Asker: 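Have a look at the structure that comes next, please.
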Amino acid sequence: MADSSIVRTRFAPSPTGHLHVGGARSALFCWAYARRHGGRFLLRIEDTDQKRSSDAAGLAFLEDLAWLGIDWDEGPEHDSCGGGEAGPYFQSQRLDIYSEHFERLIESGAAYRAFETPEELNEARKIARANKQAYRYDRASLNLPDQTIQQYLDEGRPHVLRFKVPDDQEIVVQDVVLGEIRLAPGELEDFVIRKADGFPTYHFAVVVDDALMEVSHVIRGQEHLANTSKHVLLQTALGFEHPAYAHVSLIFNPDGSKMSKRDKDKLLRASVKERGIDSPPSGTGIEEDAWASWLKDKSIQLPSEQLVLLAETLEIELPEIDVADFEKAGYLPEVLLNYLALLGWSPADGREQFDAAFICDNFDLDRIVKSPAKFDRDKLLAFNLDALQVMGEDEFVSRFRQWCQLHHPEYCRHFDESTFDHFARANKERCKSFLDPVKSGGFFLVDDESLEWPVIKPVRKALCNGEPSGFDRLEAMLPVLREIDDWTVSTLESTFETLAQDHAEGNLGKVAQPVRIAISGGPVSPPIYDTLVILGKQSSIRRIERCLENRDTICPAG
RNA sequence: GACCCCAUCGUCUAGUCAGGUCCAGGACAUCAGGUUUUCAUCCUGAGAACAGGGGUUCGAAUCCCCUUGGGGUCGCCA
């Protein structure tokens with residue numbers, strides 16, 4: 001340990017695609033802590049599982065981190081982030097480093113070879129479970145005669161390396177958030193540190209890497225709490241210093257279950273089973289084999305594109321779990337970051353809305369809460385609204401345009417640049433997320449000749465009821481609107497004021513609402529003059545005409 | 001089942017470590033009014049919590065114990 005006073009934190013995900021919000025918060029806390037204390041934040045890829053192959057898609061979370069504005073000083077290179085002296089930062093490239101440390105443990109007798117097969121162990125676990133007993137590895141291989149071991153080795157029997165847990169001492173973990181956690185002697189079994197394929201297990205790799213990368217503070221989710229005792233033991237056996245630990249509570253769904261990256265699979269799997277679908281629906285691109293094993297094994301996740309396609313065919317709405325889901329749903333990265341920071345942490349001054357710089361200036365471990373938090377989308381949405389409202393108009397337009405290009409290019413294609421601009425501005429005051437204008441603006445995209453008017457209460461109220469009715473007023477207004485040459489917000493505004501005087505005793509709503517419905521097909525749209533201008537004179541007139549033509553369907557006689 | 005962690009309004013939390021200033025504060029949500037050309041905003045107001053039981057103490061949301069509830073882990077996953 002070169003200089004123990006320098007703060008070094010790390011985020012160490014496995015390369016399984018997108019970053020989920022729990023991971024994002026861990027990364028945020030690590031990052032903020034390093035920034036607050038003038039330290040370094042590193043990223044390390046925990047890819048020691050050969051079965052879950054790590055292709056390029058596995059590294060999608062790098063984009064998610066970057067989107068959130070979390071940058072790393074060392075780790076995989078991405079844009080201007082990454083690099084560093086303590087690499088490689090992919091565990092699969094550090095195998096020779098681990099073997100050196102395995103050797104030390106074998107020589108000192110702190111680790112031993114074990115020859116049981118996974119099947120044997122599974123069987124033993126099952127029996128123990130059936131007898132309502134806690135299963136612990138029985139150390140059978142530890143008691144094997146040297147001769148037998150040599151014989152097995154000569155035969156080339158596959159084997160793992162297990163760590164010999166001292167059975168006479170209590171293990172104490174000091175946690176910055178939780179305090180002191182004690183584990184009685186004998187609670188821990190001799191856990192595996194090297195798999196049969198020669199790769200280290202998570203426990204071993206994490207300890208070696210944290211030590212070699214001089215990580216000073218391990219900030220991670222509480223699901224790792226039970227592992228920490230193993231790590232502490234390994235550190236002692238290897239002669240490493242213990243980093244400071246801070247275990248952050250988990251993030252839950254509103255229903256109280258753990259918010260997991262596997263939730264989407266879980267939801268779909270349940271639905272598939274319920275409907276008795278036993279082969280992969282066509283168009284999802286899922287192979288028969290993959291489908292079968294996915295159905296059987298809860299720990300298997302489908303690639304995200306297949307997940308999306310499957311959800312579409314089943315007409316199921318997937319929960320927002322990944323950072324990318326929130327991006328797609330139209331949230332601002334700075335708002336998500338803000339909200340995530342509030343999940344388990346709060347600044348001393350009680351402020352709730354702040355930016356990344358504020359977090360970096362104020363974050364500390366002593367204000368982290370121990371209890372778990374439920375993810376509250378309403379609050380996130382409210383924060384998003386606030387951020388959208390205070391955003392400058394130009395910034396809003398350009399960010400909204402960028403987002404549309406990515407997620408709803410049909411709007412960019414449909415409008416020319418200045419009309420898109422107007423569309424964006426007209427929506428700014430009234431949207432909670434980038435998705436709102438898109439969801440409510442579908443009528444802009446439909447053909448004038450195919451616009452329909454659903455016969456729902458607010459429509460009938462505005463169009464059919466009263467004397468004169470909305471339709472009567474529309475009829476009277478149409479010729480006036482036809483005569484307008486200067487189809488602009490200001491001209492329309494003065495025209496409508498006159499129309500309101502002439503036909504509705506000055507009540508603007510009485511003239512605006514029928515027009516709104518006529519041109520949008522429903523009772524909701526951006527401010528009426530903006531809507532008329534964005535749509536254009538020709539379309540607006542045509543839609544009013546067609547609405548009038550449909551009077552009898554919309555207001556059935558009686 | 002074993003072990004470990006947690007427990008303040010519906011939700012996120014402040015207050016807990018250094019007991020009194022807390023008949024518990026804020027935010028989101030809810031409800032009621034008001035503003036508004038629709039929706040969304042915006043403004044005003046209201047209701048809403050220390051899980052239960054024992055201690056310790058002059059005094060407990062704060063300290064201790066038990067119960068209950070929730071969660072995590074128990075993989076040759078990370």
Side-chain angles (χ1 to χ4, degrees), chain A residues 12-16 46-49 51-52 91 114 116-118 121-122 125 128-136 158-162 173 175 177-179 181-184 187-189 191-203 205-206 221-229 247 249-250 252 254 256-258 299 339 342-346 348 350-353 366-367 369-383 385 389 427 429-432 436 440 458 462 493 496 500 507-513 515-517 520 522-529 531:
Chain A
S14 57
T16 50
E46 313 241 314
D47 55 349
T48 54
D49 187 357
K51 284 189 234 59
R52 273 171 239 193
Q91 290 185 327
E116 294 77 10
T117 65
L121 293 170
N122 270 339
R125 281 190 197 102
R129 180 69 57 120
N131 295 335
K132 300 207 170 209
Q133 294 201 320
Y135 173 78
R136 282 192 201 98
H159 61 275
V160 301
L161 210 55
R162 283 184 185 267
V173 175
D175 189 276
V177 176
L178 265 14
I181 292 130
R182 294 169 172 279
L183 198 62
E187 287 295 336
L188 222 52
E189 68 170 356
F191 54 94
V192 174
I193 55 177
R194 189 179 65 196
K195 311 176 201 176
D197 65 6
F199 274 60
T201 59
Y202 162 73
H203 305 297
V206 85
Q222 250 183 49
E223 72 265 27
H224 289 293
L225 187 58
N227 294 328
T228 310
S229 47
H247 285 95
S249 67
L250 273 9
F252 292 126
S257 62
K258 183 187 166 191
S299 69
Y339 181 72
L342 241 25
L343 244 35
W345 176 78
S346 64
R351 209 190 304 187
E352 287 206 300
Q353 299 193 350
D366 56 2
R367 293 193 61 86
V369 149
K370 299 179 188 177
S371 47
K374 286 179 188 162
F375 195 95
D376 180 2
R377 277 185 197 145
D378 286 335
K379 187 154 179 167
L380 175 66
L381 196 60
F383 277 29
L385 167 94
Q389 302 287 346
N427 274 293
E429 297 297 321
R430 49 193 294 284
C431 68
K432 295 187 173 190
D436 283 349
S440 64
E493 188 171 358
F496 267 67
N507 189 332
L508 217 43
K510 290 262 194 265
V511 294
Q513 196 59 0
V515 173
R516 167 172 287 115
I517 293 172
S520 76
V524 177
S525 86
I528 189 66
Y529 314 126
T531 308

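Quantities reported herein were computed from a predicted structural model and do not represent experimental measurements.
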Asker: At less than 4.0 Å, is any side-chain N or O atom of R377(A) found next to OP1 or OP2 of C12(B)? Yes or no.
Answerer: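 Checking R377(A) against C12(B): no side-chain N or O falls below 4.0 Å of OP1 or OP2.
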Asker: Which letter, B, S or -, goes with each nucleotide of nucleotides 73-78 of chain B from 5' to 3', with contact meaning a protein heavy atom under 4.0 Å?
Answerer: S-BBBB
Asker: Mind checking V206(A) for me? I need base, sugar-phosphate or nothing, with any heavy atom below 4.0 Å counting as a touch.
Answerer: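 Contact class for V206(A): none.
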Asker: Would you please confirm or rule out a distance under 4.0 Å between OP1 or OP2 of C39(B) and any side-chain N or O of S440(A)?
Answerer: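 S440(A) to C39(B) OP1/OP2: no side-chain N or O under 4.0 Å.
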Asker: Got a list of protein N/O to nucleotides 35-37 of chain B N/O distances below 3.5 Å?
Answerer:
{"from": "U37(B)", "atom 1": "O2", "to": "R516(A)", "atom 2": "NH2", "distance (Å)": "3.2"}

Asker: To the nearest Å, how far apart are L250(A) CG and G71(B) P?
Answerer: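 Answer to the nearest Å: 11 Å.
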Asker: Provide a list of protein-nucleic acid N or O atom pairs under 3.5 angstrom, restricted to nucleotides 24-28 of chain B.
Answerer:
{"from": "G26(B)", "atom 1": "N2", "to": "E352(A)", "atom 2": "OE2", "distance (Å)": "3.2"}
{"from": "A27(B)", "atom 1": "O4'", "to": "E352(A)", "atom 2": "OE1", "distance (Å)": "2.8"}
{"from": "A27(B)", "atom 1": "O2'", "to": "E352(A)", "atom 2": "OE1", "distance (Å)": "2.6"}
{"from": "A27(B)", "atom 1": "N3", "to": "K379(A)", "atom 2": "NZ", "distance (Å)": "3.0"}
{"from": "C28(B)", "atom 1": "O2'", "to": "K379(A)", "atom 2": "N", "distance (Å)": "3.1"}

Asker: List every contact pair, protein side and nucleotides 63-69 of chain B side both N or O, where the distance is under 3.5 Å.
Answerer:
none

Asker: Quick check on RNA chain B: between Q389(A) and P523(A), whose nearest nucleotide comes earlier from the 5' end?
Answerer: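 Looking at RNA chain B, the more 5' nearest nucleotide goes with P523(A).
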Asker: Pairs under 3.5 angstrom, nitrogen or oxygen only, protein versus nucleotides 45-52 of chain B, please.
Answerer:
none

Asker: Are any protein N/O atoms closer than 3.5 Å to N/O atoms in nucleotides 4-6 of chain B? If there are, list each pair with its distance.
Answerer:
{"from": "C5(B)", "atom 1": "O2'", "to": "Q222(A)", "atom 2": "OE1", "distance (Å)": "3.3"}

Asker: Who is the Watson-Crick or G-U wobble partner of C63(B), with both distances under 3.5 Å?
Answerer: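 Check on C63(B): paired to G55(B), both distances under 3.5 Å.
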